[in-house]
Amino acid sequence: MRLLFRKSKYQLSDSDLEPVEEVLGSGNFVFIDLFFWSLFITLMTISHHFSILWGILIFFSSYFFGGGLFYCLKKWLGDQPE
């Protein structure tokens with residue numbers, strides 16, 4: 001079956017993946033993803049904190065920790081050469 005289809009050239013598949021890499025590597029996507037992970041962590045630990053105040057504290061602490069870690073890694077690694 002593989003012999004029926006021609007292999008696509010590397011440059012063509014690379015150009016198709018370029019927009020996906022740009023979106024997944026953007027800062028906005030990282031913070032949206034971080035929001036959902038913080039919400040997931042808060043909901044998974046709901047049995048350990050029995051008040052809304054502790055849930056909000058866990059949500060914001062995980063969100064700010066992830067954001068701080070993102071900025072530290074971004075500053076430390078800088079722009080990577082292609």
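- For F29, the CZ atom sits in a packed shell: over 12 heavy atoms of surrounding residues, nucleotides or ligands are nearer than 6.0 Å.
- Note: the hydrophobic cluster containing Y63 does not contain I41 (ILVMFWY, side chain heavy atoms under 4.5 Å, direct or indirect links).
- The structure places CG of N28 at 6.0 Å from CD1 of I32, a figure rounded to the nearest 0.5 Å.
- Side-chain contact between F70 and L34 is absent, with no heavy-atom pair separated by less than 4.5 Å.
- For the pair F31 and G67, the tightest heavy-atom approach, listed with the atom from each and the gap, is CE2-CA, 3.7 Å.
- Every side chain to side chain donor-acceptor pair (under 3.5 Å) that T45 has, sequence neighbours left out, goes to H49.
- Summarising the geometry, atom CE belonging to M44 is positioned 9.5 Å from atom CG belonging to L39; distances are rounded to the nearest 0.5 Å.
- In the hydrophobic cluster analysis, where Ile, Leu, Val, Met, Phe, Trp and Tyr join through side-chain heavy atoms closer than 4.5 angstrom, Y71 is grouped apart from L77.
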Evaluate the criterion ring pair (Phe, Tyr, Trp, His ring centres under 6.0 Å) for residue pair F40 and F35; output intermediate values, then yes/no. CA-CA 9 Å; F40 178 71; F35 172 79; over 10 Å; no
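- When hydrophobic clusters are built by joining Ile, Leu, Val, Met, Phe, Trp and Tyr residues whose side-chain heavy atoms come closer than 4.5 Å, directly or via intermediates, L43 is not grouped with W54.
- Note on L69: it clusters hydrophobically with W76, by side-chain heavy-atom contacts below 4.5 Å among ILVMFWY residues.
- Both I52 and F59 belong to a common hydrophobic cluster when Ile, Leu, Val, Met, Phe, Trp and Tyr are linked at side-chain heavy-atom distances under 4.5 angstrom.
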